[in-house]
Amino acid sequence: MKSFYITTAIDYANGRPHLGHAYEKVLTDVVARFRRLMGDEVYFLTGLDEHGQKVQQSAEARGIEPIELCDEAAENFIGLCAKLNVSNDDYIRTTEDRHKEVVQAILQKLYDQGDIYKADYHGYYSRRAEQFLQEKDRDENGEWPVIFGEVEEITESNYFFKLSQHQDWLVEHLETNETFIFPRFRTKQVLEFLKEPINDLCISRPKERLEWGISLPFDENYVTYVWFDALVNYVSAIGYGMDEFEDRWPVDFHVIGKDILVPPHAVYWPIMLKAAGIALPKSLLVHGWWLISGAKMSKSTGTVIDPLDLVDLYGSDAFRYFVTREMNVGQDSEFSEERYLARYNSDLANDLGNLLSRVLTMLNRGLGGVIPSPEVEEELETELWKLWDATREETLELYNGFQFHIGLEKAFHFIGSINRYAEQRAPWKLAKSEDEKDIKLLNTTLFVMSEALRLAVGLVEPVMPETNEKVYGLLGYESDAEWKTRLVRGTDIAGNKVGEKTILFPKPQNHS
RNA sequence: GCCAGGGUAGCUCAGUGGUAGAGCAGGAGACUCAUAAGCUCUUGGUCGGCAGUUCAAAUCUGCCCCUUGGCACCA
């Protein structure tokens, strides 16, 4: 069976992990975990883009070798994945031999086919910035900004990849494959871009200007630049050229930010693949950005908080929950500590965490910590189970369409209903009664609350794997049944010994 | 300028033709198993504006305004 193959964009080594990196990892991980739970064999790739001018310059500035800088970055970014509980199966670094070999093999193939040619590139070059400038770099008076220093017109030989001849089929592919890009409206932006003729793509840099890269296999005086290096990670990591490649490619989803859709992933990459005789990706999943308006000061500390610090403060599940609950995939969203705390306190601590606390306390206090068997089913129970069945179906459908924010809303609405059910049954009152009927109701109520809680944390497992595991453990629940089976109400947990009362999401102290 | 997304209650957002919704925040109450948590009730909106289509429009059409992005060898 072919794997469900999903990737994130690879991060650029010249920088530190930030919210954007973290979000993309979490989103991709949520999809990956969801597919695994749905029964797919998932292969999840992420990695690091390590070549290029900025890395070379930063390393020089610090007096270290580029690879040392990359090793550092790799440690940081791999650390981020671990911290976020990201379940990637592999981590590709573009300085690895397995990657370089594939890049060179593909370049050689395209060169042999005549898809790559050498030509002069003429343009305005800034020595200070060590880059060619574009018309849009000019200021409003049509002058070059002073930061570029002296700008000279020069001519440089470089290698180019033929793009223009591929325009027609790409347009047709975009028009006929509605699921190629999610959300769909992004397709229009690509088509808009393709209305104008596209120029061939410059894919090399002379080594005098850029040394830190992969050498062109057919000309040792050049390295390849950006796209033929970075994009190729998606195939190099899964063994392009080897048998195993066929088990994974074509990729099911490239998860990317909206900034790198046009032109790299929607134009260059499909054309590169087609030219190399490789199948096209099935889909691109394009997410929006987190907007951090101004640099809001925290009221309590007077400092600006790094969103990633919130992972350390409140745990990875809380962070994963927040970004998944707040972001409508494809749109932009606002990030603030206030909103984070509102979600944390209200949804996680008050609704979910507190529910677990009260269930465990009641079980440990009156019933020796053992989940009783249900003994009656009246309208209150029937209603709750009906809601569960609807919630499960709706939420899975929403997850399937990447509507995680609404799916989580439904799931937490169900959690709210468990709290409501508890108030209606008031087991703390029933516990004071000697009446046979009340005892049956008490047993039923505590069972129903426990079972409903088990089901609810199961439903949010792709987003909050740690919480799921903890709550399962505390309810004494173990199962190797597949997900959809675990999400069906049963009585397996009756008779289980539960854990001590546990605060899942402790409230921060010094906040109003 | 062109293209696209968004503009619905104080805040964040659901809602694609049929009497305006949720969560949070605000107000009131009863309860007490629980992380001063949970529950019930409640305040609050001319659905960006103006026109049009329709028996009926947040929802369809047109124009305008605000906002966020994109606009080729830049990542």
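Every chain is numbered from 1, with letters handed out A, B, ... down the list of sequences. None of these values were measured; they are calculated from a predicted model.
Across all non-hydrogen atoms, the minimal contact from A/F185 to A/G330 is CZ-O, 4.3 Å. Closest approach of A/A9 and A/Y234 over heavy atoms only: CA-OH, 3.6 Å.
Nucleic acid contact for A/F412: none, since no nucleic acid atom lies under 4.0 Å from a heavy atom of the residue. Contacts of A/L201 with the nucleic acid, taken as non-hydrogen atoms under 4.0 Å apart, are absent.
Of the two residues near RNA chain B, A/S333 and A/K54, the one whose nearest nucleotide lies more 5' is A/S333. Annotation: of the two residues near RNA chain B, A/V359 and A/Y12, the 5′-most nearest-nucleotide partner is A/V359.
One atom, CD1 of A/I406, and another, P of B/U12, lie 17 Å apart when rounded to the nearest Å. The separation between A/D332 atom CG and B/G69 atom P is 7 Å, rounded to whole Å. If you measure from atom CZ of A/F322 to atom P of B/G23, you get 19 Å, rounded to the nearest angstrom.
Between A/H405 and the phosphate of B/A14, there is a side-chain N or O to OP1/OP2 separation shorter than 4.0 Å. Phosphate proximity of B/A75 to A/Y225: present, with a side-chain N or O under 4.0 Å from OP1 or OP2. At the phosphate of B/U12, neither OP1 nor OP2 sits under 4.0 Å from any side-chain N or O atom of A/N328.
Checked against B/C3, B/C31, B/A34, the side chain of A/S357 finds its nearest nucleotide in B/A34.
Classified by interplanar angle (parallel below 30°, tilted 30° to 60°, perpendicular above 60°), the ring pair A/F228/A/F161 is perpendicular.
Separation of the C1' atoms belonging to B/U43 and B/G10 is 12 Å when rounded to the nearest angstrom. Taking atom C1' in both B/A14 and B/U54, the straight-line distance is 26 Å, to the nearest Å. The separation of B/G23 from B/U42, taken at their C1' atoms, amounts to 16 Å, rounded to a whole angstrom. Nucleotides B/C24 and B/C31 have their P atoms positioned 23 Å apart, rounded to a whole Å. One C1' atom belongs to B/G70, the other to B/A75, and the distance between them is 14 Å to the nearest Å. The same atom, C1', is picked in B/G1 and in B/U61; the two are 24 Å apart, to the nearest Å. Look at the P atom in both B/U8 and B/C13: the space between them is 9 Å, to the nearest Å. Between the C1' atoms of B/C65 and B/U40, the separation comes to 43 Å (whole Å).
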* To do: List the protein contact pattern of nucleotides 37-45 of chain B with one symbol per nucleotide (5' to 3'): B for base contact, S for sugar-phosphate-only contact, - for none; contact means a heavy-atom distance under 4.0 Å.
  => SBSS-----
